[in-house]
Amino acid sequence: MQTSAGTIVIEVNDRAAPITGANFLKYVDEHRFDGASFYRAMSAGAGVGLVQGGTNNDPARILPPIAHEPTTQTGLSHRDGAISMARYAPGTATGDFFIAVGPMTPYDAGRPYSVDPDGFAVFGKVVEGMDVVRSVLAAPTSPTEGEGVMRGQMLEPRIAIVSATRAP
């Protein structure tokens, strides 16, 4: 994934998370991330948090929602560099994803102190470019943009996803 902040290489684990991995790769193959952006940076402490990007629910970019693959099913976890699907309720994930910076295990399913008891669907990890991801987390945010818990977490300016392609 080539971004305006640098390159991020993602390893998709479509064995553990076949539905979620295939969904992400379909967005890549159909160039639906090209020209999209990283638009959110949520800090959960010094150097810990998540960055969110993708289609930002753009109706021209999104595909139908996919079934939820919780971490209790896949065995994956929101550790440093994990990439996961953003969603509202289980079964609503489309083309938005987030990358964990540091341990974000409260986003796993079935954990004590979980953000959401159903958790979010991890489907891979960053294998190169965590320095780029960390720079996105540290990028400026708007104090007023965003709704609800996301107020103050919207990147200003956005970090462009120039292109997303499969590695040869």
Stepwise side chain to side chain contact (heavy atoms under 4.5 Å, CB included) test for Arg151 and Gln153: CA-CA 6 Å; Arg151 174 166 245 125; Gln153 298 177 3; over 6 Å; no
Check: Ala121 main-chain N/O paired with Ser84 side-chain donor or acceptor under 3.5 Å: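 Yes.
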Thr92 (side chain) donor-acceptor with Ala89 (main chain) under 3.5 angstrom: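 Between the backbone of Ala89 and the side chain of Thr92 there is a qualifying donor-acceptor contact (under 3.5 Å).
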Spatial distance of atom [atom1] ([X]) from atom [atom2] ([Y]) [nearest 0.5 Å]:
| X | Y | atom1 | atom2 | result |
| --- | --- | --- | --- | --- |
| Asn56 | Ile62 | CG | CD1 | 10.5 Å |
| Leu155 | Tyr39 | CG | OH | 10.5 Å |
| Leu25 | Ile10 | CG | CD1 | 9.5 Å |
| Ile83 | Leu50 | CD1 | CG | 11.5 Å |
| Thr94 | Arg32 | OG1 | CZ | 10.5 Å |
| Thr74 | Ile19 | OG1 | CD1 | 11.0 Å |

Is the shortest side-chain heavy-atom distance between [X] and [Y] below 4.5 Å?
| X | Y | value |
| --- | --- | --- |
| Met85 | Asn23 | yes |
| Ser37 | Ile159 | no |
| Glu128 | Thr7 | no |
| Thr3 | Val162 | no |

Name all pairs fulfilling the salt bridge (charged side-chain N to carboxylate O under 4.0 Å, His left out) condition that reach into [range], sequence neighbours left out, sorted by first residue then second.
| range | result |
| --- | --- |
| residues 57-67 | Asp58-Arg61 |
| residues 74-86 | Asp80-Arg134 |
| residues 63-78 | none |
| residues 154-167 | Asp29-Arg166, Glu145-Arg158 |

Shortest non-hydrogen contact between [X] and [Y], atoms and distance:
| X | Y | value |
| --- | --- | --- |
| Ser135 | Ala5 | OG-CB, 4.2 Å |
| Met130 | Gly81 | SD-CA, 3.7 Å |
| Gly49 | Met104 | O-CG, 3.5 Å |
| His68 | Asp118 | NE2-O, 2.9 Å |
| Pro103 | Val48 | O-CG1, 4.0 Å |
| Val12 | Gly21 | CG1-CA, 3.6 Å |

Co-membership, hydrophobic cluster, residues Val136 and Val126, 4.5 Å side-chain: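 Val136 and Val126: one cluster.
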Transitive ILVMFWY side-chain link Met154 to Val51, under 4.5 Å: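 Different clusters.
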Modelled atom types, side-chain donor and acceptor of Asp96 and Tyr27, under 3.5 Å: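 Tyr27 and Asp96 do not have a side-chain donor-acceptor pair below 3.5 Å.
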With sequence neighbours excluded, what pairs up with [X] under the side-chain contact (heavy atoms from CB on, under 4.5 Å) test?
| X | result |
| --- | --- |
| Asp108 | Thr71, Ser77, His78, Thr105, Arg111 |
| Arg15 | Asn13 |
| Ser163 | Gln2, Asp34 |
| Thr165 | none |

Counterpart residues, side chain to side chain donor-acceptor pair (under 3.5 Å), relative to Gln73 (two or more places apart):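 Testing Gln73 for side chain to side chain donor-acceptor pair (under 3.5 Å), a comparison that skips the adjacent residues, returns none.
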Residues clustering with Val127 (ILVMFWY side chains joined when closer than 4.5 Å, directly or via others):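 Besides Val127, the cluster holds Val9.
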Ring pair (Phe, Tyr, Trp, His ring centres under 6.0 Å) contacts touching residues 114-161 (sequence neighbours left out):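 For residues 114-161, and leaving out neighbouring residues, the ring pair (Phe, Tyr, Trp, His ring centres under 6.0 Å) pairs sorted by first residue read Phe24-Phe123, Phe98-Phe120, Tyr107-Phe120.
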All salt bridge (charged side-chain N to carboxylate O under 4.0 Å, His left out) counterparts of Asp116, not counting sequence neighbours: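 Partners of Asp116 under the salt bridge (charged side-chain N to carboxylate O under 4.0 Å, His left out) test: Arg87.
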Check: Phe33 ring centroid to Phe38 ring centroid under 6.0 Å: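 Here the rings of Phe38 and Phe33 have centres that are no less than 6.0 Å from each other.
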